[in-house]
2 protein chains.
Amino acid sequence: MSRDSKLSGVLHLLLHMVQDRAPKTSETLAKAMDTNPVVVRRLMAGLRDHNLVRSEKGHGGGWTLACDPANVTLRDVYDALGQPALLAIANRNERAGCMVEASVNTALSKSFAEAQAILLVRFGELTLAMLSADIQKRLKQRGRLTKVKVHG
Amino acid sequence: MSRDSKLSGVLHLLLHMVQDRAPKTSETLAKAMDTNPVVVRRLMAGLRDHNLVRSEKGHGGGWTLACDPANVTLRDVYDALGQPALLAIANRNERAGCMVEASVNTALSKSFAEAQAILLVRFGELTLAMLSADIQKRLKQRGRLTKVKVHG
DNA sequence: TTTATAGTAACATTCGAAGTTACATGAGTC
DNA sequence: GACTCATGTAACTTCGAATGTTACTATAAA
């Protein structure tokens with residue numbers, strides 16, 4: 001469990017919720033993600049604070065979407081998760097006064113910043129609605145393939 | 001110690017070696033990097049296998065540059081380190097047949113690939129000689145500032 | 001009152017990067 | 001040849017982050 005997969009995981013949950021708007025319990029969502037209900041609640045907590053989802057306690061409660069999928073980008077979701085680190089590599093701590101380290105770190109930092117910026121831009125271009133449409137397309141595609149298989 | 005700083009660390013070492021071509025022991029290099037000689041040997045092992053540096057055992061031995069700094073890019077160094085992961089975030093493992101997960105992962109993977117590609121391109125544009133020149137500039141700059149300070 | 005749900009703190013697990021120890025190997029020096 | 005200085009490397013330790021788990025509280029509906 002090294003790489004952070006919170007974004008991937010929480011998008012999975014959100015899109016299941018877009019596909020079916022009935023309230024979902026943490027238990028149900030956990031099963032879809034093959035994990036623990038507490039993990040789900042932790043992931044969703046940030047989204048709730050950013051008004052992307054709502055939660056209801058008690059009987060018949062659960063999680064519901066609180067946003068328009070067409071207006072929410074992956075960038076919004078990423079922000080709601082608390083902007084976890086994007087890059088796995090980083091500079092060593094500078095030793096004060098070492099020009100070599102300063103030079104190396106400056107050069108690397110520029111590349112790092114550029115890569116991060118690209119990621120954030122791409123995230124900002126993708127909405128939940130776009131992904132949802134893609135899912136629909138895939139489902140239709142699979143249906144067609146299944147028929148072909150059955151008929152062939 | 002979470003983020004990988006091997007590249008930053010090993011560049012630090014290489015550039016010290018560019019600045020002063022006499023053989024350096026792991027002990028000496030470790031001090032420059034504020035770490036342990038064994039860590040240095042581990043970092044340098046990959047570079048040696050890629051013919052970027054040479055090592056000599058025994059009395060008077062140590063590490064020497066085995067390449068032309070003008071012809072070696074950060075990309076070469078990165079490759080010699082074994083191409084450690086660049087991104088800190090990743091997809092969750094796909095559950096076979098879940099179109100939602102498939103769609104999310106595809107979308108994210110495209111952005112991930114683009115960010116990684118940018119990093120590698122930037123690495124490929126920077127040579128050790130360029131960084132070395134930058135260090136020289138910084139050293140001169142510092143000298144000038146020191147003088148001003150002394151005289152002012 | 002019981003049951004179903006989220007909220008959350010505390011703890012456990014797992015993994016990878018980095019640091020450390022211990023010892024083997026090889027190359028000069030005396 | 002014995003000694004010393006170096007790298008080579010396996011094995012272990014330490015540390016932090018992501019994730020998973022347990023246990024409990026609070027709340028809402030039946």
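To find a chain, count down the sequence lines: A is the first, B the second, and so on, and within it residues start at 1.
The separation between B/R42 atom CZ and C/dG16 atom P is 15 Å, rounded to whole Å. Per the geometry, CD belonging to A/E27 stands 12 Å off P belonging to D/dT21, to the nearest Å. Atom CE in B/M44 sits about 16 Å away from atom P in C/dA18, given to the nearest Å. Look at CG on B/L43: it is 14 Å from C1' on D/dG8, rounded to the nearest Å. Taking atom CD of residue A/E56 and atom C1' of nucleotide D/dA30, one finds them 16 Å apart after rounding to whole Å. In this structure, A/K31 places its NZ atom 10 Å from P of C/dT5, rounding to the nearest Å. When rounded to the nearest whole Å, the span between NZ of B/K6 and P of C/dG16 equals 11 Å. Taking atom CG on B/D34 and atom C1' on C/dG19, their separation rounds to 12 Å, with Å as the unit.
Considering only side-chain N and O atoms, B/K57 lies nowhere under 4.0 angstrom from the phosphate OP1 or OP2 of D/dG8. Listed pair A/R3 / C/dG16 fails the phosphate criterion, with no side-chain N or O lying under 4.0 Å from OP1 or OP2. Neither OP1 nor OP2 of D/dA6 sits under 4.0 Å from any side-chain N or O of B/T25. Within the structure, every side-chain polar atom (N or O) of B/S26 is placed at least 4.0 Å from both OP1 and OP2 of D/dA6. Phosphate contact (OP1/OP2 of D/dT19, side-chain N/O of A/T35, threshold under 4.0 Å): absent. Distances shown here put a side-chain N or O of B/S55 below 4.0 Å from the OP1 or OP2 atom of D/dG8. Taking only side-chain nitrogens and oxygens, B/R41 never comes nearer than 4.0 Å to OP1 or OP2 of D/dG8. Contact annotation: B/R92 side-chain N/O to D/dA18 OP1/OP2 distance is not under 4.0 Å.
Using a 30° and 60° split on the angle between ring planes, B/F123 and A/F112 fall in the perpendicular class, above 60°.
Using a distance-only test at 3.5 Å, with no hydrogens or angles considered, a donor-acceptor pair links the side chain of A/D76 to the main chain of A/T73.
Listed nucleotides D/dT7, C/dT8, D/dG20 differ in distance to A/V38; the shortest reach to its side chain belongs to C/dT8. Checking C/dG19, D/dT19, D/dG20 against the side-chain heavy atoms of B/N36 singles out C/dG19 as nearest. Checked against D/dG20, D/dG8, D/dA30, the side chain of A/H59 finds its nearest nucleotide in D/dA30.
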Item checked: side chain to side chain donor-acceptor pair (under 3.5 Å) evaluation trace for A/S8 with A/S5 -> CA-CA 5 Å; A/S8 171; A/S5 63; 6.0 Å; no
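Rounding to the nearest 0.5 angstrom, the gap separating the CD1 atom in A/I135 from the CG atom in A/L131 is 6.5 Å.
Among the heavy atoms of the strands lying under 4.0 Å from A/R48 are primed sugar atoms or P, OP1, OP2 only; no base atom is included.
Note on A/V121 and B/L119: separate hydrophobic clusters, where clusters join Ile, Leu, Val, Met, Phe, Trp and Tyr whose side-chain heavy atoms are under 4.5 Å apart, directly or indirectly.
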